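Written below as structure tokens is the structure these notes are about.
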There are 2 protein chains.
Amino acid sequence: MATIIDVAKQAGVSIKTVSRVMNNQANVRDSTRRRVRDAMASLNYSPSDAARQMRLGKSTAIGMLYSDPGSSYQSRLNQSMIQACSDAGRYLVVGLFNEDDDDWVGQLQAFLARTKVDSMVLVPPMCDSENLKACLNDASVKYVLLSPSSPTPGVSAVTMDDRKAAREMTEHLLDYGHERIAHIAGHPDHVASFLRRQGFEDAFTERGMPGPDSSQVASGNFDFRCALSAAEKLLTSPNPPTAIFAASDDMAAAVYMAAGKLGLSIPEDISITGFDDVPIAQTIWPALTTVAQPLDNMAKDAVRVLSNSLAPTTKDANSNFLVAPHKIITRESCGVPSANRRG
Amino acid sequence: MATIIDVAKQAGVSIKTVSRVMNNQANVRDSTRRRVRDAMASLNYSPSDAARQMRLGKSTAIGMLYSDPGSSYQSRLNQSMIQACSDAGRYLVVGLFNEDDDDWVGQLQAFLARTKVDSMVLVPPMCDSENLKACLNDASVKYVLLSPSSPTPGVSAVTMDDRKAAREMTEHLLDYGHERIAHIAGHPDHVASFLRRQGFEDAFTERGMPGPDSSQVASGNFDFRCALSAAEKLLTSPNPPTAIFAASDDMAAAVYMAAGKLGLSIPEDISITGFDDVPIAQTIWPALTTVAQPLDNMAKDAVRVLSNSLAPTTKDANSNFLVAPHKIITRESCGVPSANRRG
DNA sequence: GTCACAAATGACAAGGTTGTCTTTTTTTGA
DNA sequence: TCAAAAAAAGACAACCTTGTCATTTGTGAC
């Protein structure tokens, strides 16, 4: 393994100059800079994480705290983050976060002290805690927010356009000819629930159709059981919907169960769509049409921001939102509304 | 943060002696050892990972490579490992492993070089590769095998008793009065598939019953689609089973779908059990009776072994298998065989 | 051509740990 | 009791990087 000394020798400069080049510091002649860069490349040099960590008291790892580690969403995100870190030559240290423990700041501090990570990605619901953000500022740990409820001035955030995605998903159903479409919304505390519901309504407004009345929107709390009973109520109502758009795949799976219980077949009797594209979407049958969250891209952007390869735009508070493009995944859970149920 | 120098001062010894005590080296008087230990405790000292890493060229992190990161099993294992590491004051570095890339050793070496982990847990299928194990030996990286196919002399392994668990799961079905029980086996390359099938047959043998004929055992490859068609074939056969034991929860979910398609209700018409206890077991309805793999305990044992708190028993090659106790999780997917289907 | 000043570069220490080698202390055997 | 050997403890360097401060080189004005 080449060290900074080898590079210095090869370039004919002092180690300090090499260090300056590495860290993009000022006061280095362009010609010198080039010479050092060449030497680094030819020796295939990469700086020692340990030495840096010792000098600076920080590691170059990226930290991430989970709060709901069982969820498929977290699992997918985790995978995307590992991949993104790996691609960027960094690595990920994950920790468990206990939402029920009141001492959020204490938990974060313990994690920082133990891992010495120099940067973090903050996922929901931690990304909305002012205390946590203040704590990171104090510790001068760089951070990115992932899908936060609202922008924080001067802090970069990566996210997707929940509202637009929900609108597109609804339009997909509308395109099939569905008119009575119900929505099972997520947990009221999550901004995503609100945005997805808005997108759902946008689709009707845009086409000049009367919006769905409130009886067609049920709360599912992002919870299977809750969504199950909501779906049963919806499907057994006097004028049942011909399509149901659930705000998460897990809740969509619950709609499948409800439909199964009532002897309705998918997509002949009822069309169903979800949101997230977690593994269950492909496990259930027929496979679920859903919105794929661009977690790979979001993770890549997050790592880029933390590695300074992507400068946060600083024009205004909103502009350092990086919005990754989503995708509608069309599978087999949607069809035209059946005549016998529309009458 | 206290350093080794502070401890040395407080104990009235040289830093080297403190180092000796920390690393359990010889040539330290018991009285001195005690004095140093007290000083460490009173100063709440913990050694700097970075300094160690610099001196030794290794970090104290535990590494783990995923190959099938989407799977619920890996996700649960990951969670258990994070928790176990956290409890032991260590941390986990996870990486992606590409099974399809032929250069397994190269991938491992790259991971070791980048992360400098001093120990690893090897999960299936990597834990069965002699090349990988040789590579770790060469690099003198400590490692534990998690659920390997066969023991490796001198190497600790943590595992569960697949065969016994499968027997118990089958007995559970037998206890309900089922006589025609089918089994959907896993991928033939996995030893777990073989052991679970053996356990399935053990249950019959032990009760002096005729073993199930081969038409009652189908191969599901641990794959949803594959299990789906196997289940359909089984359930539409002339003398269909009254219960199906699938070798994984995902495959059990496929059985649910097959039953739904055929208008069979669970557990009235057909009893179903799974294996693994991954999230889907509780998501599907009715909730699945299954075997809970003791991943928390296995992870804890693995970390203990790697931290030397648990010496591998070295009496013989088989005895350094740590077998963690499993549990049968009884939910709502089993019932007595229905009369109308038995005649 | 000289001086003042700025820009570029370098020498050196520090950070916390462990290996090597040396010194001190204790034990053993006569 | 003393020498010799063994055990215990210590001094110091090395690991690789970056911050501080000193030195050299270059620039522009007189």
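All of these numbers come straight from a predicted model, not from anything done at the bench. Lettering follows sequence order; numbering is per chain, from 1.
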Which nucleotides of nucleotides 14-20 of chain D have their base under 4.0 Å from a protein heavy atom (B), which only their sugar-phosphate (S), and which neither (-), written as one string 5' to 3'? BBBBBBB
Taking the side chain from Ser42(B) and the backbone from Ala39(B), do they hold a donor-acceptor pair closer than 3.5 Å? yes
Might you confirm whether atom NZ of Lys58(A) has over 12 heavy atoms from other residues, nucleotides or ligands at distances under 6.0 Å? yes
Check the surroundings of atom NZ in Lys133(A): do more than 12 heavy atoms from other residues, nucleotides or ligands lie under 6.0 Å from it? yes
I'd like to check [X] versus [Y] (side-chain heavy atoms, cut-off strictly below 4.5 Å). Are they in contact?
X: Asn23(A); Y: Ser19(A); answer: yes
X: Gln293(A); Y: Val278(A); answer: no
X: Met40(B); Y: Gln10(B); answer: no

Verify salt bridge (charged side-chain N to carboxylate O under 4.0 Å, His left out) between Asp118(A) and Arg90(A), making sure each step is shown before the conclusion. CA-CA 11 Å; Asp118(A) 78 329; Arg90(A) 306 188 63 164; 2.9 Å; yes
Does anyone know the first and last nucleotide of DNA chain C in reach of chain B, 5' to 3', at under 4.0 angstrom to a heavy atom?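 Span of nucleotides near chain B: dG16(C) to dT26(C).
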Restricting to pairs with a member in residues 28-38 of chain B, which pass side-chain hydrogen bond (donor to acceptor under 3.5 Å, both in side chains), not counting sequence neighbours? Asn24(B)-Arg37(B)
Give me each pair satisfying side-chain hydrogen bond (donor to acceptor under 3.5 Å, both in side chains) with a member in residues 92-104 of chain A, each pair once, sequence neighbours excluded.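 For residues 92-104 of chain A: Ser67(A)-Glu99(A).
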Atom pair OG/CG of Ser147(B) and Leu122(B) - distance to nearest 0.5 Å: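 If we round to the nearest 0.5 Å, Ser147(B):OG and Leu122(B):CG are 11.5 Å apart.
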How long is the gap from CG on Asp296(A) to CE on Met81(A), to the nearest 0.5 Å? 11.5 Å
Can a salt bridge be assigned to the pair Asp6(B) and Lys9(B) using a cut-off of 4.0 Å between side-chain N and carboxylate O?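 Looking at Asp6(B) and Lys9(B), the cut-off is not met.
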Between N or O atoms, less than 3.5 Å apart, protein on one side and nucleotides 24-27 of chain D on the other: list the pairs.
none

Rounded to 10 degrees, the angle between the two terminal axes of the helix from dG1(C)-dC30(D) to dA30(C)-dT1(D), each from five pairs: 40°
